[in-house]
Amino acid sequence: MKLSKKIHEDFKDEVSFLDNIISKFETEGTPFGNQDRNSLKLFDLNGMTLNVKSFRVPNAINKFVYRFFRKSKAQRSFEYAKKLIELGIGTPQPIAFYESLKPFSFYKSYYISEQQDCDLTYRELTKNFDYPKHEEILRAFTRFTFQLHEREVHFLDHSPGNTLIKKENEGYTFFLVDLNRMEFRALDFNERIKNFAKLTIHKSLVEVMSDEYAKCIGKDFDTVFSLMWRYTQEFQERYQRKRRLKKKLKFWKK
């Protein structure tokens, strides 16, 4: 098994420490967050907390695809994080990525970044409508999304848990996580509005985001809202269909 890696230039002196993290990932480190799809653990590096994400082993087809034709999720996360920082967009500091490779197959990949402290994620805004300065944060988040679009960033996983929010003295700072699905290109109006579709099921939140985005882009509220709400409903319909299908498959497997 070959271990391939790329270390951020600012962490070249920590190669042996990072190598050791990967070699002992299964037995050491502190588990963190949701472990359903991928494994996340925290490690300490001289007072800095490292977030290490171990992506699950891909299926047989993707083992071949990732080995020869497509960049791994870890490599994309690392490279996209560097690109975001160059564009002045918040994301945890990228540190390294590792890949376990076989001669004709791909096995696993790991992405290492600095653990980012935050006060909340967008998800809290969808669950607690009494959260302090709820509308103010929601509007700031919408302006942040507009800036992503203006800088030609299409965040394909723009969903409730993937934006960390940190309160600052005069406002809020936003950090994107789960970066492996992203495009860097100009977006037309429809693509911009569709990018909000996965964020919430609540019409009242869509109304606020539509109002703020309309101000940012210079469109009228009705135009933005009707499109944003339509895309939101379409996404929810697809999501619910998939859930029902999964339940049926589980039932027939019993």
Side-chain angles (χ1 to χ4, degrees), residues 33-34 36-38 40 51 53 55 73 76-92 94 111 113 116 118-127 131 134-166 172-217 219 224-240 242:
N34 190 332
D36 290 344
R37 297 185 62 189
N38 306 297
L40 290 167
N51 182 314
K53 185 173 188 176
F55 291 93
K73 292 182 179 181
R76 280 180 275 147
S77 298
F78 179 81
E79 293 178 354
Y80 293 167
K82 293 185 73 173
K83 177 70 172 178
L84 290 175
I85 290 172
E86 289 172 5
L87 292 171
I89 296 166
T91 194
Y111 174 53
S113 62
Q116 177 65 55
C118 69
D119 295 297
L120 71 157
T121 68
Y122 179 94
R123 190 182 305 281
E124 274 70 44
L125 301 178
T126 69
K127 292 183 175 182
Y131 194 92
H134 184 281
E135 183 173 329
E136 181 180 319
I137 300 171
L138 186 59
R139 288 183 179 276
F141 168 83
T142 305
R143 293 193 296 272
F144 168 70
T145 302
F146 175 75
Q147 287 303 316
L148 293 182
H149 298 161
E150 288 293 286
R151 296 172 194 181
E152 301 188 351
V153 176
H154 189 198
F155 186 29
L156 297 172
D157 281 332
H158 203 31
S159 54
N162 290 345
T163 299
L164 312 182
I165 306 172
K166 190 173 180 61
Y172 306 90
T173 304
F174 301 87
F175 303 86
L176 299 183
V177 296
D178 286 351
L179 307 179
N180 64 89
R181 296 183 65 246
M182 193 169 287
E183 298 173 339
F184 296 92
R185 61 175 179 81
L187 303 178
D188 63 29
F189 176 66
N190 278 33
E191 289 174 319
R192 286 169 174 241
I193 303 305
K194 192 173 184 178
N195 200 209
F196 287 85
K198 299 178 182 179
L199 289 166
T200 181
I201 62 172
H202 299 293
K203 192 172 185 179
S204 60
L205 270 62
V206 174
E207 287 174 338
V208 172
M209 292 189 297
S210 297
D211 181 65
E212 191 64 29
Y213 202 89
K215 293 174 181 176
C216 291
I217 202 169
K219 298 275 188 180
V224 176
F225 172 72
S226 62
L227 195 58
M228 192 181 294
W229 185 235
R230 191 189 93 197
Y231 283 137
T232 297
Q233 290 178 305
E234 288 175 355
F235 172 76
Q236 287 300 321
E237 288 170 3
R238 291 193 302 272
Y239 175 75
Q240 294 302 330
K242 287 180 180 178

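Residues satisfying the ring-ring contact (aromatic ring centres under 6.0 Å, His included) test with Y231, not counting sequence neighbours, are none. With sequence neighbours excluded, the residues satisfying side chain to side chain contact (heavy atoms under 4.5 Å, CB included) with Q116 are P92, L164, K166, F175. Not counting sequence neighbours, the partners of K82 by the salt bridge (charged side-chain N to carboxylate O under 4.0 Å, His left out) test are E9. Taking the ring-ring contact (aromatic ring centres under 6.0 Å, His included) definition, one finds that F189 meets it with nothing, sequence neighbours left out. By the side chain to side chain contact (heavy atoms under 4.5 Å, CB included) test, Q233 is found to be paired with W229, residues two or more places apart in sequence or in another chain being considered. Not counting sequence neighbours, the partners of K53 by the salt bridge (charged side-chain N to carboxylate O under 4.0 Å, His left out) test are D178. The side chain to side chain donor-acceptor pair (under 3.5 Å) search around E212 returns R139, R143, not counting sequence neighbours. With sequence neighbours excluded, the residues forming a ring-ring contact (aromatic ring centres under 6.0 Å, His included) with Y80 are F184, listed by chain and number. The salt bridge (charged side-chain N to carboxylate O under 4.0 Å, His left out) test applied to R181 returns D157, not counting sequence neighbours. The side chain to side chain contact (heavy atoms under 4.5 Å, CB included) check on S226 picks up nothing, with sequence neighbours excluded.
A distance of 12.0 Å separates NZ of K198 from OH of Y239, quoted to the nearest 0.5 Å. With values rounded to the nearest 0.5 angstrom, I137 atom CD1 is found 5.5 Å from Y131 atom OH. Here T173 contributes atom OG1 and D119 contributes atom CG; the two are 10.0 Å apart, rounded to the nearest 0.5 Å. Rounding to the nearest 0.5 angstrom, the gap separating the CZ atom in F225 from the CG atom in D211 is 11.0 Å.
At least one donor-acceptor pair closer than 3.5 Å links the side chain of T91 to the backbone N or O of L176.
Counting only heavy atoms from C-beta outward, the side chains of H134 and L125 approach each other to under 4.5 Å. E234 has its side chain within reach of R238: a pair of non-hydrogen atoms, C-beta onward, lies under 4.5 Å apart. With a 4.5 Å cut-off on side-chain heavy atoms, F174 and T145 do not count as touching.
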Item to check | Test side chain to side chain contact (heavy atoms under 4.5 Å, CB included) applied to L187 and R185, step by step | outcome: CA-CA 6 Å; L187 303 178; R185 61 175 179 81; 3.5 Å; yes
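The number of heavy-atom neighbours closer than 6.0 Å to NZ of K219, taken from other residues, nucleotides and ligands shown, is 12 or below.
Nearest heavy atom pair, residue S210 against residue M228, reads OG-SD, 3.5 Å. When every heavy atom of F235 is checked against every heavy atom of A197, the shortest pair comes out as CD2-O, 3.7 Å. In terms of heavy-atom proximity, N180 sits nearest to S77 at CB-OG, 3.6 Å. Closest approach of F55 and N38 over heavy atoms only: CA-OD1, 3.4 Å.
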Donor-acceptor list for residues 199-207 side chains, cut-off 3.5 Å, not counting sequence neighbours:
| residue | atom | partner | partner atom | Å |
| --- | --- | --- | --- | --- |
| T200 | OG1 | H202 | N | 3.0 |
| H202 | NE2 | T126 | O | 3.2 |

Show every donor-acceptor pair shorter than 3.5 Å between a side-chain atom in residues 146-155 and any protein atom, with sequence neighbours excluded, or say none if there are none.
| residue | atom | partner | partner atom | Å |
| --- | --- | --- | --- | --- |
| H149 | ND1 | Y213 | OH | 2.6 |
| H149 | NE2 | N195 | OD1 | 2.9 |
| E150 | OE2 | R192 | NH1 | 3.1 |
| E150 | OE2 | R192 | NH2 | 2.7 |
| R151 | NH1 | L87 | O | 3.1 |
| R151 | NH1 | G88 | O | 3.2 |
| H154 | ND1 | E183 | OE1 | 2.9 |

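For H158 and Y122, the ring centers sit 6.0 Å or farther from each other.
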